[in-house]
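The next block holds one structure in the form of structure tokens; read it before the comments.
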2 protein chains.
Amino acid sequence: MAESPLLDIARLRKSCAQCSLQQLCLPAGIGGEDLERLDALVKKRRPLERGDRLFRSGTGLSALFVAREGSFKTVAMNEDGDEQIIGFHLPGELIGLDALGSGTHRCDAEALEGAEVCEIPMWDLERVAAQIPGLQHQLLRIIGKNMELDQDHLTMLGRRHANERVLLFIHGLSERLQTLGRAHLQFSLPMSREEIASYLGLVIETVSRSFTKLQDDGLISIRGRQLKILDHRKLVEAAHSPELVRAAGRG
Amino acid sequence: MAESPLLDIARLRKSCAQCSLQQLCLPAGIGGEDLERLDALVKKRRPLERGDRLFRSGTGLSALFVAREGSFKTVAMNEDGDEQIIGFHLPGELIGLDALGSGTHRCDAEALEGAEVCEIPMWDLERVAAQIPGLQHQLLRIIGKNMELDQDHLTMLGRRHANERVLLFIHGLSERLQTLGRAHLQFSLPMSREEIASYLGLVIETVSRSFTKLQDDGLISIRGRQLKILDHRKLVEAAHSPELVRAAGRG
DNA sequence: CGAACAGTTGAAGAAGGTCAAACAGCGTGG
DNA sequence: CCACGCTGTTTGACCTTCTTCAACTGTTCG
């Protein structure tokens with residue numbers, strides 16, 4: 001038992017159980033020294049406050065972050081100065097891949113609420129990934145999973161009716177919360193209406209109206225940021241068929 | 001000349017000069033045996049015809065593709081059956097990363113015209129990437145570059161005015177063609193209006209009207225699929241400031 | 001208590017969607 | 001070579017939806 005890291009693994013399993021990076025180590029058949037080496041990379045950072053930034057656009061990529069507690073948004077700025085939210089990052093999700101292509105961040109990452117992050121220095125991660133068999137593959141999968149989130153966002157924005165976008169947004173959030181092991185039928189939105197609007201390519205008033213309409217239709221209940229999904233089945237159906245959404249609006 | 005691959009490198013440099021994967025090997029300080037090993041992976045596939053598919057949604061990830069000649073689209077299908085184009089892939093660009101997360105493709109990849117592709121078996125690529133120093137890093141960069149394209153798409157869809165989306169679309173296409181070493185001020189659109197509409201979350205008539213408006217404003221000249229950018233400066237400006245777009249419409 | 005902020009609601013207008021028709025390009029077959 | 005029909009694109013008129021502007025409500029926090 002001279003170097004058995006059993007206790008360490010148990011601790012890690014617990015602290016990282018719902019982390020999107022858990023697949024980076026735990027199920028990849030990595031153990032012992034390798035696991036310790038990986039664990040040594042991860043720095044736990046001080047708590048962050050609402051509005052604090054992990055990085056800014058134009059900054060070089062130094063590390064990837066995982067939201068451990070609290071949620072984040074990534075915001076891109078156009079030439080003309082108006083911002084667009086291009087991603088929300090829930091607790092357990094990854095932040096910082098936007099700089100993978102050029103080595104420079106293309107957006108700001110900002111805490112939506114009190115938060116805490118793990119930080120993985122990119123340079124070290126790449127080095128270790130090249131050495132530990134299986135880790136590179138897991139890294140690619142995690143990156144791929146993140147691309148899927150972007151594509152889901154894309155399909156929301158491709159919808160031409162505001163109600164559909166909002167519906168898909170709620171549904172998507174709920175699914176993500178579920179896979180992260182959190183309550184997914186009743187939860188608190190970490191972002192403002194304004195931020196949702198930006199994310200969905202809408203205007204704040206339209207988002208507000210959509211919410212109240214969904215509430216009137218009995219699909220959800222929403223009071224401020226407290227959201228409850230009342231009829232999950234109907235919500236999923238409605239998200240995938242515009243007719244239902246519109247028909248309900250006339251009732 | 002027992003093991004000098006000079007001629008091979010020269011040939012590769014030429015044939016892959018504008019390929020998005022060129023960074024995978026050429027500038028990464030890879031040479032000799034390694035380069036040959038990498039080159040051996042790449043299969044050149046038979047010519048494809050318009051409508052031919054590289055893969056279908058639900059299929060397992062077996063290879064990445066690079067369009068050598070001709071363009072492609074990737075199409076996602078919703079539960080309710082309507083399609084959405086989530087990406088265009090110009091000659092030299094990469095196709096197939098959508099399956100990176102789950103190992104299963106989430107969309108169809110279809111040739112927009114006569115085409116030819118290089119095929120890189122994913123499994124082999126990963127294996128070699130783990131062995132050749134620098135290659136893993138280049139692979140991550142290439143994946144990152146592709147994510148940037150998705151994010152550009154996202155920022156188009158986030159714009160609330162049809163004219164802005166179309167403007168950003170044209171501008172983006174032009175930029176991509178330029179980096180791929182092709183004519184970027186006068187070119188032929190490989191996709192139909194219908195496909196542009198789907199990509200931009202608009203309806204075909206709106207796309208058509210936007211094009212004619214941009215033509216009336218003297219920014220472009222468009223006849224069928226033949227597009228000429230007349231005032232590149234003004235086009236870039238207009239793409240980043242809604243007021244200009246709208247003001248011009250009243251003139 | 002009241003200022004500041006977030007969210008909701010209402011009424012008006014503009015933008016884009018819908019429906020329908022005309023038009024252009026192109027390959028086929030007479 | 002031309003007529004024909006197919007398909008993709010443009011254009012027009014109308015209608016729905018979203019945005020805009022504005023007022024109002026509600027909550028939080030000095």
Side-chain angles (χ1 to χ4, degrees), chain A residues 49-51 73 82 84-85 112-114 156-167 169-170 188-216 220-227 242-250, chain B residues 49-51 73 82 84-85 112-114 156-167 169 188-217 220-227 242-250:
Chain A
E49 306 212 336
R50 172 188 159 82
K73 64 176 174 183
D82 55 50
Q84 181 178 348
I85 294 182
L112 292 171
E113 53 193 331
M156 286 178 218
L157 288 171
R159 295 309 191 107
R160 288 193 301 281
H161 293 283
N163 286 332
E164 298 178 62
R165 292 192 204 169
V166 173
L167 221 29
F169 174 70
I170 295 173
S188 175
L189 296 170
M191 70 291 281
S192 69
R193 299 286 190 276
E194 183 86 54
E195 288 162 333
I196 296 174
S198 171
Y199 184 77
L200 294 179
L202 297 171
V203 122
I204 181 172
E205 295 95 326
T206 307
V207 171
S208 180
R209 277 186 254 265
S210 280
F211 275 143
T212 54
K213 186 179 155 330
L214 292 178
Q215 181 163 252
D216 292 348
I220 64 170
S221 143
I222 187 157
R223 183 182 212 71
R225 295 189 176 189
Q226 280 301 321
L227 176 67
E243 307 81 31
L244 288 182
V245 187
R246 290 197 272 168
R250 294 178 191 124
Chain B
E49 307 212 335
R50 173 188 159 81
K73 64 176 172 182
D82 55 50
Q84 182 178 348
I85 294 182
L112 291 171
E113 53 193 331
M156 287 179 217
L157 287 172
R159 295 309 191 106
R160 289 193 302 282
H161 292 283
N163 286 333
E164 297 178 63
R165 293 193 203 169
V166 173
L167 221 30
F169 173 70
S188 175
L189 296 170
M191 69 291 283
S192 68
R193 300 287 190 276
E194 182 86 55
E195 287 162 334
I196 297 174
S198 170
Y199 184 79
L200 293 180
L202 298 171
V203 120
I204 181 173
E205 294 94 327
T206 306
V207 171
S208 180
R209 275 185 255 264
S210 279
F211 274 144
T212 54
K213 186 178 156 330
L214 292 179
Q215 181 164 252
D216 293 347
D217 294 349
I220 64 170
S221 141
I222 186 155
R223 183 185 212 72
R225 294 188 177 190
Q226 281 300 324
L227 176 68
E243 307 80 33
L244 288 182
V245 187
R246 292 196 270 170
R250 294 177 193 126

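By convention in this document, chain letters (A, B, ...) are assigned in the order of the sequence lines, proteins followed by strands, and residues within each chain are numbered from 1.
Atom-to-atom, CZ of Arg160(B) to P of dG16(C) comes out at 11 Å; the value is rounded to the nearest Å. Leu200(B) places its CG atom 15 Å from the C1' atom of dG17(C), with the value rounded to the nearest Å. Here the P atom of nucleotide dA14(C) and the NE2 atom of His161(B) are 12 Å apart, to the nearest Å. Leu202(B) has its CG atom 11 Å from the P atom of dT18(C), to the nearest Å. Straight-line distance from the CD atom of Gln226(A) to the P atom of dT27(D): 13 Å, rounded to whole Å. Note: CG (Asn163(A)) to P (dT16(D)) measures 16 Å, nearest angstrom. If you measure from atom CD of Glu164(A) to atom P of dT17(D), you get 11 Å, rounded to the nearest angstrom. In this structure, NZ of Lys213(B) is placed 15 Å from P of dG12(D), rounded to the nearest angstrom.
End-to-end axis angle of the helix from dC1(C)-dG30(D) to dG30(C)-dC1(D), using five pairs per end and rounding to 10°, comes to 30°.
Residues passing the side chain to side chain contact (heavy atoms under 4.5 Å, CB included) test with Ser221(B), sequence neighbours excluded: Gln215(B), Lys228(B), Leu230(B). For Glu194(A), the side chain to side chain contact (heavy atoms under 4.5 Å, CB included) partners two or more places apart in sequence, or in a different chain, are Ser192(A), Ile204(A).
Within the 4.5 Å cutoff, side-chain heavy atoms of Val203(B) are placed close to those of Arg160(A). Between Leu189(A) and Phe211(A) the shortest side-chain heavy-atom distance falls below 4.5 Å.
Atom CD1 in Ile170(A) sits 4.0 Å away from atom CD1 in Ile220(A) (nearest 0.5 Å). Separation of atoms NZ (Lys73(B)) and CE (Met191(B)) is listed at 10.0 Å; rounding is to 0.5 Å. Between atom CD of residue Glu164(A) and atom CE of residue Met156(A) there is a gap of 12.5 Å, rounded to the nearest 0.5 Å.
Atom CZ of Arg225(A) has more than 12 neighbouring heavy atoms from other residues, nucleotides or ligands inside a 6.0 Å radius.
Residue pairs meeting the side chain to side chain donor-acceptor pair (under 3.5 Å) criterion with at least one partner in residues 197-210 of chain A, sequence neighbours excluded, are Asn163(A)-Ser210(A).
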Expected rows: protein N/O vs nucleotides 8-10 of chain D N/O, under 3.5 Å:
residue, atom, partner, partner atom, Å
dT9(D), OP2, Arg193(B), N, 3.1
dT10(D), OP1, Arg193(B), NH2, 3.0
dT10(D), OP2, Arg193(B), NE, 2.8
dT10(D), OP2, Ser208(B), OG, 2.8
dT10(D), O5', Ser208(B), OG, 3.1

